[in-house]
Amino acid sequence: MGKQKPPKPIDLARKPRGFPDKREGLIHAEQTMIERVTSVYRKWGFEGLDTGAFEFADALGKFLPDQDRPNAGVFALRDDDEQWMSLRYDLTAPLARFAAENWQTLAKPYRRYAAGPVWRNEKPGPGRFREFLQCDADTVGAAGAHADAEMIAMAAEAMRAAGAEDGEFAIRVNTRRLLNAVLEGVGATEETVRLTILRALDKLDKFGTSGVADLLGAGRMDESGDFTKGAGLDAASVKRVLAFAEAGRATRGETIEALGQAVGTGDDAKSGLAELEAISIALAALGTPEADVKFDPSIVRGLEYYTGPVFEAELLKETKDEDGNTVRIGSVGGGGRYDDLVARFTGEKIPATGFSVGISRLAAAFSISGEIDELNGPVVVLNMDRDNPAIALQLATELRQAGIRAEAYMGSSGMRPQMKYADRRRAPAVIMVGTDELEKGVVTIKDLKEGARQAAAIESNQEYREARPGQLEAPRGDMIARVREIVEAEG
RNA sequence: GCAGCCUUAGCUCAGUUGGUUAGAGCGCCGGUUUGUGGAGCCGGAGGUCCUUGGUUCGAAACCAAGAGGCUGUACCA
């Protein structure tokens with residue numbers, strides 16, 4: 001009945017949340033970060049592997065779409081032949097699939113790095129996307145703490161390669177075996193209770209001791225009044241879990257000692273402590289600075305497939321967001337040992353361990369703090385002579401032939417808009433050739449960065465215009481050399 | 001998913017008890033005796049006031065539902 005209004009065209013130009021548009025600056029920051037991290041992986045002897053965006057849903061593991069409704073968490077669709085396919089949610093599951101498929105032909109252990117986008121169908125938020133970049137290294141087919149220690153050492157080196165200095169990051173390490181020992185110690189046999197306890201532990205840094213105590217016991221009320229049911233442990237058990245969670249000490253040796261007190265003498269406790277001990281010794285041999293790696297009993301990580309050591313890379317360095325507020329970036333990567341993942345395909349138990357870096361967060365952190373250079377735009381040749389616009393094309397071509405990024409202004413706007421354009425493009429310089437220059441056989445070159453510096457001291461607009469800061473006139477034959485000086489001086 | 005808050009120009013926001021053609025700042029575009037980016041001067045574009053339905057003589061304003069956003073929380077292989 002009601003008149004159907006056609007949708008306004010601009011209302012169709014909407015971007016789905018969590019799928020970021022990336023412009024020059026961000027692209028450059030992320031590519032730089034991928035290069036830095038993968039160069040560390042390559043240096044340690046890992047080889048590249050790139051797999052497709054989609055995997056068959058059943059190859060991705062527990063997320064089997066049930067009939068019509070693919071599970072939340074992944075993006076899934078049905079192929080022509082009715083098979084469910086899912087966009088990969090990490091780079092580990094495709095690796096497990098690839099390793100299983102090609103196991104016979106691979107040199108074992110298989111050491112592989114990979115970088116690329118992954119997709120998760122979850123609620124996005126600041127710093128949380130539905131499409132984001134990961135950069136992984138994994139060793140498939142190597143049991144034992146040395147392979148884990150190597151991952152941890154490499155994670156620390158990757159953080160340093162990314163730009164983190166002493167004390168600006170920490171790799172925090174724990175092992176599932178100790179967590180199992182604690183669960184056993186408080187008699188948590190029921191799966192839901194075990195998971196609730198682990199999730200509570202994981203939130204120690206977020207909610208603090210009392211918040212975690214609530215989650216371990218009856219439950220916790222958040223500030224919006226929403227209530228989260230707890231694990232229902234009695235007071236003595238809560239105390240025992242907390243004692244474990246807070247056993248972190250200044251050095252790894254002291255932490256192992258404190259954990260020994262908190263965790264008892266069961267099989268899991270003994271093997272877990274031995275695992276940390278072995279990792280610590282290996283790290284010393286690998287030359288990893290002691291302060292880079294801490295043992296932290298509150299590290300839990302994903303609940304699904306980790307079987308031994310788990311670790312997390314945390315950026316401690318403080319950065320500022322666009323509004324100038326201080327932001328703690330927090331976790332920028334993680335990993336661990338997953339001995340059962342490849343076995344899903346092969347039946348044979350194949351040990352594996354790996355580490356994953358969240359590229360976007362790292363790039364954001366180091367881009368904001370100036371660790372990654374901002375890119376200059378092209379040199380812009382202004383279109384001054386409307387009777388003979390081809391001169392701008394010719395000059396731009398000469399610059400490009402000399403290997404300088406350059407473009408001729410496309411259009412016939414006045415000079416002021418053309419200057420504004422060059423400014424907005426972050427051009428290092430503009431070239432001006434009008435009738436004056438043509439007659440004299442020269443070009444006018446304006447160094448925009450130098451001009452801006454000089455302009456800071458100029459008060460009035462009229463003076464600013466007359467001063468023509470940063471500008472020089474050069475013989476036509478010297479254009480390339482002079483422009484090159486300007487471009488190279490500004491990186 | 002659950003809870004709270006929010007939605008007026010590109011952005012940040014005004015908008016009287018419900019009353020004509022809905023405003024500002026910034027930004028944007030163009031010009032400034034066809035030659036100069038920032039802060040000068042002149043001009044300009046840009047809004048079905050998120051959507052739909054209801055109340056009313058009359059709705060940007062009141063009510064309901066929906067959509068979108070923010071924050072917290074849950075989940076996060």
Side-chain angles (χ1 to χ4, degrees), chain A residues 1-8 10-11 14-17 57 60-64 71-74 86 88-93 96 118 120-126 128 130 195-196 199-200 202-203 206-207 211 215 219-229 300-306 322-323 331 334 336 338 340-341 344 356 380 382-387 411-427 429-437 444 446-471:
Chain A
M1 291 301 242
K3 42 201 163 138
Q4 201 67 30
K5 287 161 197 153
K8 239 163 78 180
I10 192 63
D11 290 338
R14 299 184 303 144
K15 184 184 72 63
R17 222 152 63 102
L60 287 181
K62 78 166 193 178
F63 286 94
L64 301 179
N71 254 311
V74 297
S86 300
R88 65 187 182 202
Y89 53 77
D90 67 12
L91 297 173
T92 311
V118 303
R120 295 186 187 181
N121 193 1
E122 293 166 2
K123 178 188 162 185
R128 285 180 71 89
R130 293 199 283 180
L195 291 178
T196 307
R199 284 171 189 147
D202 200 34
K203 294 191 172 65
K206 196 170 177 185
F207 296 151
L215 285 171
R220 177 178 180 274
M221 180 96 71
D222 74 32
E223 50 193 77
S224 75
D226 210 23
F227 184 74
T228 308
K229 196 168 180 295
V300 176
R301 302 289 305 163
L303 304 169
E304 207 55 34
Y305 61 57
Y306 290 121
E322 297 137 345
D323 303 328
S331 173
Y338 49 98
D340 298 329
L341 196 60
R344 274 210 340 263
S356 175
V380 174
L382 300 194
N383 181 15
M384 309 274 292
D385 187 343
R386 288 175 194 175
D387 298 329
S412 56
S413 307
M415 185 153 177
R416 185 168 172 162
Q418 296 196 38
M419 288 298 297
K420 281 182 147 182
Y421 172 81
D423 188 44
R424 189 173 287 191
R425 289 297 307 278
R426 304 176 60 86
V430 298
I431 308 294
M432 293 174 262
V433 176
T435 43
D436 287 359
E437 284 86 353
T444 298
K446 182 161 187 147
D447 180 337
L448 290 187
K449 305 276 160 67
E450 177 59 25
R453 273 191 286 277
Q454 291 179 16
I458 298 177
E459 298 284 316
S460 84
N461 190 263
Q462 189 192 352
E463 189 189 344
Y464 171 72
R465 289 191 172 204
E466 286 167 358
R468 300 186 173 177
Q471 203 161 311

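Letters A, B, ... are given to chains in the order of the sequence lines, protein chains preceding strands, and every chain is numbered from 1. Remember, predicted model here, so these are calculated numbers, not experimental data. Below, all heavy atoms of this structure are taken into account, side chains as well, without hydrogens, waters or symmetry copies.
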Task: Nearest to side-chain heavy atoms of A/P417, which nucleotide of B/U73, B/G30, B/C29 - done: B/G30
Task: Flag side-chain contact, heavy atom, 4.5 Å: A/M419 against A/V380 - done: no
TODO: For A/K15, look at atom NZ and say whether over 12 heavy atoms of other residues, nucleotides or ligands are found less than 6.0 Å away.
DONE: yes
Task: Along RNA chain B (nearest heavy atom to each residue), the more 5'-positioned of A/P124 and A/T444 - done: A/T444
Open item on the list: Show the nearest heavy-atom pair for residues A/F207 and A/L215, with the distance to one decimal.
Closed with: CD1-CD1, 3.8 Å
Open item on the list: Counting only side-chain nitrogens and oxygens, does A/R416 get under 4.0 Å of the OP1 or OP2 atom of B/G37?
Closed with: yes
- [ ] Let me know the distance between NZ of A/K420 and C1' of B/G40, rounded to the nearest Å.
- [x] 12 Å
Open item on the list: Using atom C1' in both nucleotides, what's the gap between B/U51 and B/U71 to the nearest angstrom?
Closed with: 24 Å
Open item on the list: Taking 4.0 Å as the cut-off, does a side-chain nitrogen or oxygen of A/R468 come that near to OP1 or OP2 on B/G35?
Closed with: no
Task: Rounded distance in Å - CZ (A/R301) to P (B/C75) - done: 15 Å
Open item on the list: Taking only the C1' atom of each, what is the distance from B/G47 to B/A9 in whole angstrom?
Closed with: 6 Å
Open item on the list: Work out how far the C1' atom of B/A39 is from that of B/U32, and round it to whole angstrom.
Closed with: 16 Å
Open item on the list: Just to be sure I understand the rule, does A/Q462 reach a base, reach only the sugar-phosphate, or reach nothing, if contact means heavy atoms closer than 4.0 Å?
Closed with: nothing
Open item on the list: Side chain of A/Q471 only, heavy atoms from C-beta on: which candidate in B/G40, B/C29, B/G35 is closest?
Closed with: B/G35
Task: A/K123 side chain near A/R128 side chain, heavy-atom distance below 4.5 Å - done: no
Open item on the list: Side chain of A/F207 only, heavy atoms from C-beta on: which candidate in B/C70, B/U73, B/C76 is closest?
Closed with: B/U73
Open item on the list: Restricting to non-hydrogen atoms, name the atom on A/L341 and the atom on A/Y305 that form the minimum distance, rounded to 0.1 Å.
Closed with: CD1-CD2, 4.0 Å
Open item on the list: Could you tell me how far B/A59 sits from B/U16 if I compare only their C1' atoms? Round to whole Å.
Closed with: 16 Å
Open item on the list: Just to be sure I understand the rule, does A/Y338 reach a base, reach only the sugar-phosphate, or reach nothing, if contact means heavy atoms closer than 4.0 Å?
Closed with: nothing
Task: Separation between the P atoms of B/C49 and B/U8, rounded to whole Å - done: 11 Å
Task: Closest contact, heavy atoms only, A/P16 versus A/R130 - done: CB-NH2, 4.3 Å
TODO: Rounded to the nearest angstrom, tell me the gap between atom NZ in A/K446 and atom C1' in B/U36.
DONE: 5 Å
TODO: Write down the atom of A/G470, the atom of A/E450, and the distance for their closest heavy-atom approach.
DONE: CA-CG, 4.2 Å
Task: Earlier contact from the 5' end, RNA chain B, for A/R424 and A/A456 - done: A/R424
Open item on the list: Under 4.0 Å, counting only non-hydrogen atoms across every strand here, what does A/I458 touch: a base, just sugar-phosphate, or nothing?
Closed with: base
- [ ] Please state the C1' separation for the pair B/A14 and B/U73 - nearest whole angstrom.
- [x] 35 Å
- [ ] Look at all strands and tell whether A/Q418 reaches a base, only sugar-phosphate, or nothing, counting heavy atoms closer than 4.0 Å.
- [x] nothing
TODO: Scan A/K203 against the nucleic acid and name what it touches under 4.0 Å (heavy atoms): base, sugar-phosphate only, or nothing.
DONE: sugar-phosphate
- [ ] Mind checking A/E437 for me? I need base, sugar-phosphate or nothing, with any heavy atom below 4.0 Å counting as a touch.
- [x] base
Task: Nearest-neighbour nucleotide for the A/M419 side chain, B/G37, B/C76, B/G35 considered - done: B/G37
Task: Intra- and interstrand pairs of RNA chain B - dot-bracket, Watson-Crick/G-U under 3.5 Å, | marks other strand - done: (((((((..((((.....[...)))).(((((.......))))).....(((((..]....))))))))))))....
Open item on the list: Whether the side chain of A/K123 and the base of B/G72 hold a donor-acceptor pair under 3.5 Å is what I'd like checked.
Closed with: yes
Task: Between B/U73 (P) and A/E122 (CD): distance, integer Å - done: 16 Å
Open item on the list: Whole angstroms only, please: what is the CZ-P distance between A/R128 and B/C70?
Closed with: 14 Å
TODO: Starting at atom CE of A/M415, determine the distance to atom C1' of B/U33, rounded to an integer number of angstrom.
DONE: 16 Å
Task: A/R465 side chain, from C-beta outward: closest of B/C76, B/U36, B/A74 - done: B/U36
Task: Protein-nucleotide distance (A/R220, atom CZ; B/G72, atom P), rounded to Å - done: 12 Å
Open item on the list: Please pick, from B/U73, B/U36, B/C76, the nucleotide with the shortest atom-to-atom distance to any side-chain atom of A/T228.
Closed with: B/U73
- [ ] In whole angstrom, give the distance that lies between atom CG of A/N461 and atom P of B/G31.
- [x] 16 Å
TODO: Check whether any side-chain nitrogen or oxygen of A/K206 sits under 4.0 Å from OP1 or OP2 of B/U73, and answer yes or no.
DONE: yes
Open item on the list: Within the structure provided, determine whether A/Q418 and A/M432 are in side-chain contact (heavy-atom separation under 4.5 Å).
Closed with: no
Task: Minimum side-chain heavy-atom gap A/L448-A/R426 below 4.5 Å - done: no
- [ ] Report yes if a side-chain nitrogen or oxygen of A/R426 is closer than 4.0 Å to either non-bridging phosphate oxygen (OP1 or OP2) of B/G37; otherwise report no.
- [x] no
Open item on the list: Please report the distance separating the C1' of B/C75 from the corresponding atom of B/C26, rounded so that it comes out in whole Å.
Closed with: 41 Å
- [ ] Would you classify A/A452 as touching base, sugar-phosphate or nothing, given that sugar-phosphate means primed atoms plus P, OP1 and OP2, and contacts are heavy atoms under 4.0 Å?
- [x] base
Task: Smallest separation among heavy atoms of A/R120 and A/Y89, with atom names - done: NE-O, 3.0 Å
Open item on the list: Is the phosphate of B/C75 approached by A/R199 (side-chain N or O, under 4.0 Å from OP1 or OP2)?
Closed with: yes
TODO: Please state the C1' separation for the pair B/G46 and B/A24 - nearest whole angstrom.
DONE: 15 Å
